[in-house]
Peer 1: 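Structure in C-alpha coordinates, see below.
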Amino acid sequence: MRPPRLIISTALAAAAIAAAAAAPALAASWHSYSLYNGRAQVEGASGTHSARLTSIVLPDSFKVRKPSERATRLTFGPMGSCRSTGVVLPKLVFSTATSSAAVLAQQLSGGKTYGSGTRAGASYRVAKFTGDKLKGVWVGPTRLPQTWIVVQVTTTPHATECHIGGVRESLGFPLTDAFGTLRASGY
(Lines give C-alpha, C1' and ligand atoms only; values in the text may rest on other atoms or scores of the structure.)
Protein backbone atom coordinates (compact mmCIF):
# COMPACT_ATOMS: atom_id res chain seq x y z
CA MET A 1 0.00 0.00 0.00
CA ARG A 2 1.25 3.50 -0.92
CA PRO A 3 1.79 6.09 1.72
CA PRO A 4 -0.79 8.95 1.56
CA ARG A 5 1.87 11.55 0.68
CA LEU A 6 2.81 9.72 -2.57
CA ILE A 7 -0.84 9.40 -3.61
CA ILE A 8 -1.45 13.12 -3.11
CA SER A 9 1.70 14.19 -4.99
CA THR A 10 0.86 11.80 -7.86
CA ALA A 11 -2.66 13.26 -8.07
CA LEU A 12 -1.31 16.83 -8.03
CA ALA A 13 1.22 16.04 -10.76
CA ALA A 14 -1.50 14.47 -12.93
CA ALA A 15 -3.72 17.54 -12.42
CA ALA A 16 -0.87 19.90 -13.38
CA ILE A 17 -0.16 17.92 -16.58
CA ALA A 18 -3.85 17.93 -17.52
CA ALA A 19 -4.10 21.70 -16.90
CA ALA A 20 -1.01 22.40 -19.01
CA ALA A 21 -2.38 20.31 -21.87
CA ALA A 22 -5.74 22.11 -21.74
CA ALA A 23 -4.25 25.64 -21.57
CA PRO A 24 -4.14 27.52 -24.89
CA ALA A 25 -0.78 28.37 -26.39
CA LEU A 26 0.43 31.88 -25.77
CA ALA A 27 -0.61 34.21 -28.57
CA ALA A 28 1.99 36.16 -30.51
CA SER A 29 2.41 39.81 -29.62
CA TRP A 30 0.66 42.26 -31.92
CA HIS A 31 1.16 46.02 -32.24
CA SER A 32 -0.97 48.79 -33.73
CA TYR A 33 0.46 51.18 -36.32
CA SER A 34 -0.94 54.33 -37.89
CA LEU A 35 -0.08 56.64 -40.80
CA TYR A 36 -1.25 60.04 -41.99
CA ASN A 37 -0.80 61.70 -45.38
CA GLY A 38 -2.23 65.24 -45.44
CA ARG A 39 -1.49 65.65 -49.13
CA ALA A 40 -2.63 62.37 -50.66
CA GLN A 41 -3.22 62.61 -54.40
CA VAL A 42 -6.61 61.15 -55.40
CA GLU A 43 -5.91 58.43 -57.98
CA GLY A 44 -8.13 58.88 -61.03
CA ALA A 45 -9.02 62.51 -60.19
CA SER A 46 -7.36 65.81 -59.46
CA GLY A 47 -6.71 67.32 -56.08
CA THR A 48 -5.26 66.24 -52.77
CA HIS A 49 -6.93 65.34 -49.49
CA SER A 50 -6.05 63.60 -46.24
CA ALA A 51 -5.65 59.82 -46.04
CA ARG A 52 -5.40 58.35 -42.56
CA LEU A 53 -4.62 54.77 -41.62
CA THR A 54 -5.91 55.04 -38.08
CA SER A 55 -4.96 51.53 -37.03
CA ILE A 56 -3.58 48.33 -38.48
CA VAL A 57 -2.61 45.62 -36.02
CA LEU A 58 0.33 43.46 -37.15
CA PRO A 59 2.17 40.64 -35.36
CA ASP A 60 5.70 41.17 -34.05
CA SER A 61 6.93 38.61 -36.58
CA PHE A 62 6.35 41.21 -39.34
CA LYS A 63 9.35 43.22 -38.04
CA VAL A 64 7.76 46.57 -38.94
CA ARG A 65 10.34 49.29 -39.41
CA LYS A 66 9.52 52.28 -37.26
CA PRO A 67 8.05 54.92 -39.57
CA SER A 68 9.19 58.52 -39.38
CA GLU A 69 6.67 61.24 -38.53
CA ARG A 70 6.32 62.04 -42.24
CA ALA A 71 6.09 58.44 -43.45
CA THR A 72 3.21 57.65 -45.79
CA ARG A 73 3.82 53.90 -45.82
CA LEU A 74 4.86 51.08 -43.49
CA THR A 75 7.51 48.57 -44.47
CA PHE A 76 8.10 45.19 -42.87
CA GLY A 77 10.22 42.07 -43.13
CA PRO A 78 12.15 40.06 -44.05
CA MET A 79 10.12 37.27 -42.55
CA GLY A 80 9.19 33.63 -42.96
CA SER A 81 10.94 31.02 -45.06
CA CYS A 82 10.43 33.21 -48.14
CA ARG A 83 12.27 36.15 -46.51
CA SER A 84 9.37 38.32 -47.73
CA THR A 85 9.29 42.07 -47.36
CA GLY A 86 6.15 44.14 -47.64
CA VAL A 87 4.66 47.60 -47.88
CA VAL A 88 1.40 48.93 -46.37
CA LEU A 89 0.15 52.02 -48.20
CA PRO A 90 -3.05 54.03 -47.60
CA LYS A 91 -4.30 56.00 -50.60
CA LEU A 92 -7.38 57.75 -51.96
CA VAL A 93 -9.06 56.42 -55.10
CA PHE A 94 -11.77 58.00 -57.26
CA SER A 95 -14.48 55.56 -58.38
CA THR A 96 -18.08 55.82 -59.53
CA ALA A 97 -18.79 52.41 -57.96
CA THR A 98 -21.47 52.51 -55.28
CA SER A 99 -20.08 49.94 -52.82
CA SER A 100 -16.76 49.12 -51.22
CA ALA A 101 -17.01 45.58 -52.64
CA ALA A 102 -17.25 46.97 -56.18
CA VAL A 103 -14.21 49.22 -55.64
CA LEU A 104 -12.34 46.25 -54.14
CA ALA A 105 -13.04 44.25 -57.31
CA GLN A 106 -11.58 47.12 -59.35
CA GLN A 107 -8.46 47.30 -57.16
CA LEU A 108 -7.72 43.56 -56.77
CA SER A 109 -8.63 40.80 -59.18
CA GLY A 110 -7.26 37.31 -59.67
CA GLY A 111 -5.01 35.32 -57.40
CA LYS A 112 -5.87 32.67 -54.84
CA THR A 113 -7.88 34.16 -51.97
CA TYR A 114 -6.48 33.57 -48.48
CA GLY A 115 -9.15 35.62 -46.76
CA SER A 116 -11.82 38.24 -47.37
CA GLY A 117 -14.68 39.92 -45.61
CA THR A 118 -16.72 43.01 -44.89
CA ARG A 119 -17.06 45.12 -41.78
CA ALA A 120 -18.81 48.45 -41.14
CA GLY A 121 -19.13 49.39 -44.81
CA ALA A 122 -15.58 48.30 -45.68
CA SER A 123 -14.49 45.30 -47.76
CA TYR A 124 -11.14 43.51 -47.86
CA ARG A 125 -9.37 40.63 -49.56
CA VAL A 126 -5.90 39.04 -49.33
CA ALA A 127 -4.71 36.93 -52.28
CA LYS A 128 -1.59 35.03 -53.39
CA PHE A 129 -0.22 35.50 -56.88
CA THR A 130 2.50 33.88 -58.98
CA GLY A 131 5.94 33.77 -57.44
CA ASP A 132 4.60 33.65 -53.85
CA LYS A 133 3.68 37.35 -53.94
CA LEU A 134 0.75 38.51 -51.82
CA LYS A 135 -1.55 41.44 -52.37
CA GLY A 136 -4.15 42.68 -49.95
CA VAL A 137 -6.64 45.50 -50.36
CA TRP A 138 -9.02 47.08 -47.83
CA VAL A 139 -11.58 49.61 -49.16
CA GLY A 140 -13.75 51.94 -47.09
CA PRO A 141 -15.98 54.96 -47.71
CA THR A 142 -14.88 58.57 -47.15
CA ARG A 143 -16.76 61.85 -46.72
CA LEU A 144 -15.53 62.90 -50.17
CA PRO A 145 -17.87 62.31 -53.14
CA GLN A 146 -16.91 59.26 -55.23
CA THR A 147 -13.64 58.90 -53.32
CA TRP A 148 -12.66 55.79 -51.37
CA ILE A 149 -9.89 55.16 -48.85
CA VAL A 150 -7.84 52.15 -49.96
CA VAL A 151 -5.20 50.43 -47.85
CA GLN A 152 -3.00 48.25 -50.01
CA VAL A 153 -0.42 45.67 -48.93
CA THR A 154 2.04 44.04 -51.30
CA THR A 155 4.72 41.53 -50.38
CA THR A 156 7.75 40.31 -52.28
CA PRO A 157 9.63 37.07 -51.48
CA HIS A 158 13.43 37.17 -51.57
CA ALA A 159 14.25 33.45 -51.16
CA THR A 160 14.64 31.06 -54.06
CA GLU A 161 12.36 28.50 -52.39
CA CYS A 162 9.62 28.76 -49.78
CA HIS A 163 8.38 25.83 -47.75
CA ILE A 164 4.79 24.68 -48.20
CA GLY A 165 2.45 26.91 -46.26
CA GLY A 166 5.14 29.54 -45.65
CA VAL A 167 3.36 32.38 -47.43
CA ARG A 168 -0.08 31.29 -46.27
CA GLU A 169 0.81 30.82 -42.59
CA SER A 170 3.34 33.59 -42.04
CA LEU A 171 1.74 36.29 -44.23
CA GLY A 172 -1.67 35.41 -45.66
CA PHE A 173 -3.59 34.56 -42.50
CA PRO A 174 -2.06 37.32 -40.31
CA LEU A 175 -2.79 39.94 -43.00
CA THR A 176 -6.38 38.74 -43.24
CA ASP A 177 -6.70 39.12 -39.46
CA ALA A 178 -5.14 42.59 -39.65
CA PHE A 179 -7.54 43.69 -42.41
CA GLY A 180 -10.50 42.43 -40.39
CA THR A 181 -9.81 45.02 -37.67
CA LEU A 182 -8.26 47.80 -39.79
CA ARG A 183 -9.54 51.38 -39.47
CA ALA A 184 -8.90 54.13 -42.02
CA SER A 185 -10.51 57.34 -43.25
CA GLY A 186 -10.22 59.98 -45.91
CA TYR A 187 -11.35 63.59 -45.76
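None of the values given here were measured: they were computed from a predicted structure. Keep in mind that the numbers below use all heavy atoms, side chains included, and drop hydrogens, waters and symmetry copies.
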Peer 1: Minimum heavy-atom separation for A184 to W138, with atom names?
Peer 2: CB-CZ3, 3.6 Å
Peer 1: For residues S95 and Q146, is any side-chain donor paired with an opposing acceptor at under 3.5 Å?
Peer 2: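 Note: S95 and Q146 side chains miss the donor-acceptor criterion.
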Peer 1: For the residue pair A102 and A97, what are the closest heavy atoms and their distance?
Peer 2: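 Distance-wise, the nearest heavy atoms are CB-CB, 3.7 Å.
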Peer 1: L175 versus L58: any side-chain heavy-atom pair under 4.5 Å?
Peer 2: yes
Peer 1: State, yes or no, whether a side-chain contact exists between F94 and L144 at a heavy-atom distance under 4.5 Å.
Peer 2: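 No; the side chains remain at least 4.5 Å from each other.
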Peer 1: Quick check: does any side chain N or O of R143 sit under 3.5 Å from a backbone N or O of S185, one acting as donor and the other as acceptor?
Peer 2: no
Peer 1: Between Y187 and R52, do the side chains contain a donor N or O and an acceptor N or O under 3.5 Å apart?
Peer 2: yes
Peer 1: So, is the end of the K135 side chain (NZ or CZ) under 6.0 Å from the ring centre of F129 and within 45° of the ring's axis?
Peer 2: yes
Peer 1: Where the side chain of T176 meets the backbone of G172, is there a donor-acceptor pair that is under 3.5 Å apart?
Peer 2: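 Present.
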Peer 1: Distance from L74 atom CG to L35 atom CG, nearest 0.5 Å?
Peer 2: 4.0 Å
Peer 1: Can you check whether V88 reaches R73 side chain to side chain, under 4.5 Å on heavy atoms?
Peer 2: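 In short, these two side chains do not touch, never coming nearer than 4.5 Å.
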Peer 1: Under 30°, 30 to 60°, or over 60°: which ring-plane class applies to Y114 and F173, parallel, tilted or perpendicular?
Peer 2: perpendicular
Peer 1: Is it the case that H158 and T85 place a side-chain donor and acceptor less than 3.5 Å from each other?
Peer 2: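 Looking only at side-chain atoms, T85 and H158 do form a donor-acceptor pair, the distance falling under 3.5 Å.
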Peer 1: Does the side chain of S55 pick up a donor-acceptor pair with the side chain of Y33 at under 3.5 Å?
Peer 2: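 Short answer, no.
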Peer 1: Using every non-hydrogen atom in the two residues, find where P59 and P174 come nearest and quote the distance to one decimal.
Peer 2: CG-CB, 4.0 Å
